[in-house]
Amino acid sequence: MSAVIATRGLVKRYGSLRAVDGIDLDVRAGDVYGFLGANGSGKTTTVRMLLGLVLPTSGGIEVLGARMPRAGRRVLPRVGALIEGPAHYGHLSGRENLALLDASGPGGSWRTRQRRIAEVLEQVGLGGVGRRPVKAYSLGMRQRLGLAGALLRRPELLVLDEPTNGLDPQGISEIRELLLELNRTGTTVFLSSHLLAEVEQLCTRVGVLDRGQLVLQEEMARLTAPTGATVVQTPTPDRVRSALDGRVTSVDGERVIVRGDDPAEVNRLLVGAGISVTGLALQRPTLEEVVLAAAGTSTDRVESSR
Ligand code: ATP
């Protein structure tokens with residue numbers, strides 16, 4: 001699979017602080033890549049470097065196969081970006097703001113451009129309010145307008161810094177559906193977030209930044225793959241322990257962990273012994289557990305939001 005974003009030994013220093021400390025990002029075509037890290041871990045600085053808004057101290061960046069920032073003029077029109085606090089003109093409507101953005105775009109007739117603007121407003125759920133002045137928009141609506149701007153040119157790659165910032169749960173789930181739909185139709189998505197739950201529900205690949213360093217980069221499916229154990233829920237954990245003779249590795253209340261990755265077999269043994277089973281599943285680590293193991297104590301600032 002081809003690299004859509006690749007960095008090699010990317011560093012950004014501010015005085016003595018290494019805000020980004022030698023990271024090798026590897027984002028592939030078709031990924032929904034979650035770039036996870038606590039506040040201050042260097043996510044925004046990285047995103048800004050990818051887009052040519054901040055110059056690296058050292059290291060290399062390729063976006064869509066071309067060197068950044070050198071190839072910016074050629075590459076950036078193919079990239080939709082939403083970075084912290086999108087700036088809009090408050091006295092203009094959402095439509096007018098997008099028309100201004102589009103004015104520097106690829107051209108086309110006025111009518112075609114207006115149609116495209118209406119389309120992206122609809123896509124982000126602002127169809128009904130596109131004509132209202134932006135100063136009357138909530139934070140969440142402004143965030144959606146920023147996303148609409150990022151979508152205008154039908155980008156191959158979306159780079160989004162904390163895209164669900166300021167959105168309520170309903171808005172978060174709408175943006176999630178929209179990003180998944182865009183991804184299904186071929187858009188690669190790179191998004192930064194400090195919300196584990198958001199990344200877990202959305203992303204196919206994860207990078208974890210901890211104090212400027214990439215401590216983990218892996219496919220989500222691999223990170224949360226079954227551990228080889230089975231989780232049994234039962235009101236009588238002691239009876240499970242004696243029935244399964246040596247296979248129980250831990251008991252936590254009514255939750256019993258059993259060695260072996262065949263829940264049906266465990267179920268047969270327990271039901272055969274007349275033990276009541278209220279739940280049965282393969283054990284999988286949560287993203288939270290994986291991230292904590294990789295990043296140690298400092299990611300307790302990464303919010304699990306659960
Ligand atoms: P947040 O989620 O809060 O936006 P972040 O992970 O995006 O955090 P960055 O904004 O990239 O983190 O900041 C990383 C570190 O670099 C922080 O310690 C920050 O104070 C520092 N930093 C960022 N920009 C500058 C700057 N222009 N000058 C000096 N220090 C900076």
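Keep in mind that the numbers below use all heavy atoms, side chains included, and drop hydrogens, waters and symmetry copies. Just so you know, these numbers come straight off a predicted model, no measurement behind them. For reference, positions follow the sequence shown, starting with 1. For ligands, and for the atoms within them, numbers begin at 1 and follow the listed sequence.
Counting heavy atoms under 4.0 Å from ligand 1, residue D161 does not touch it at all.
Near T44, the atoms of ligand 1 lying under 4.0 angstrom from a non-hydrogen atom of the residue are 4 (O), 5 (P), 7 (O), 10 (O), 11 (O). Atoms of ligand 1 lying under 4.0 Å from any heavy atom of E162, numbered from 1 in the order shown and given with element: 2 (O). Ligand 1 places these atoms under 4.0 Å from at least one heavy atom of T45: 9 (P), 11 (O), 13 (O), 23 (C). Taking every heavy atom of S41 and a limit of under 4.0 angstrom, the matching atoms of ligand 1 come to 5 (P), 6 (O), 12 (O). The contact set between ligand 1 and L17, taken as ligand atoms under 4.0 Å from a residue heavy atom, comprises 15 (C), 16 (O), 18 (O), 21 (C). Residue A38 approaches ligand 1 through these ligand atoms, each under 4.0 Å from one of its heavy atoms: 6 (O).
The aromatic rings of Y33 and F35 are tilted relative to each other, their planes meeting at an angle between 30° and 60°.
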Carefully, step by step, assess E254 and T278 under the rule side-chain hydrogen bond (donor to acceptor under 3.5 Å, both in side chains).
-> CA-CA 9 Å; E254 298 198 340; T278 51; 5.1 Å; no
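Checked for salt-bridge contact, R67 and E62 miss the test: no charged N lies under 4.0 Å from a carboxylate O. The pair R116-E119 meets the salt-bridge criterion, with a side-chain N (NZ, NE, NH1 or NH2) lying under 4.0 Å from an Asp/Glu carboxylate O. Looking at R48 and D161, no side-chain N of the basic residue comes within less than 4.0 Å of a carboxylate O on the acidic one, giving no salt bridge.
Counting non-hydrogen atoms of other residues, nucleotides and ligands closer than 6.0 Å to CZ of R184 gives a total above 12.
Not a single N or O atom of T46, backbone or side chain, sits closer than 3.5 Å to an N or O atom of ligand 1. At least one N or O atom of G42 sits closer than 3.5 Å to an N or O atom of ligand 1.
Closest approach of L160 and L179 over heavy atoms only: CD1-CD2, 3.7 Å.
In the candidate list G212, G40, S193, G40 is nearest to atom 8 (O) of ligand 1, counting heavy atoms.
With respect to atom 31 (C) of ligand 1, the closest heavy atom belonging to the protein is Y14 CD1, 3.3 Å. Atom 16 (O) of ligand 1 has as its closest protein heavy atom A19 CB, 3.3 Å.
Protein heavy atoms are absent from the space less than 4.0 angstrom from atom 19 (C) of ligand 1.
The hydrophobic cluster containing L158 also contains L180, counting ILVMFWY residues as joined when their side-chain heavy atoms lie under 4.5 angstrom apart, directly or transitively.
Under the 4.5 Å side-chain criterion, counting only non-hydrogen atoms from C-beta, P133 is not in contact with H91.
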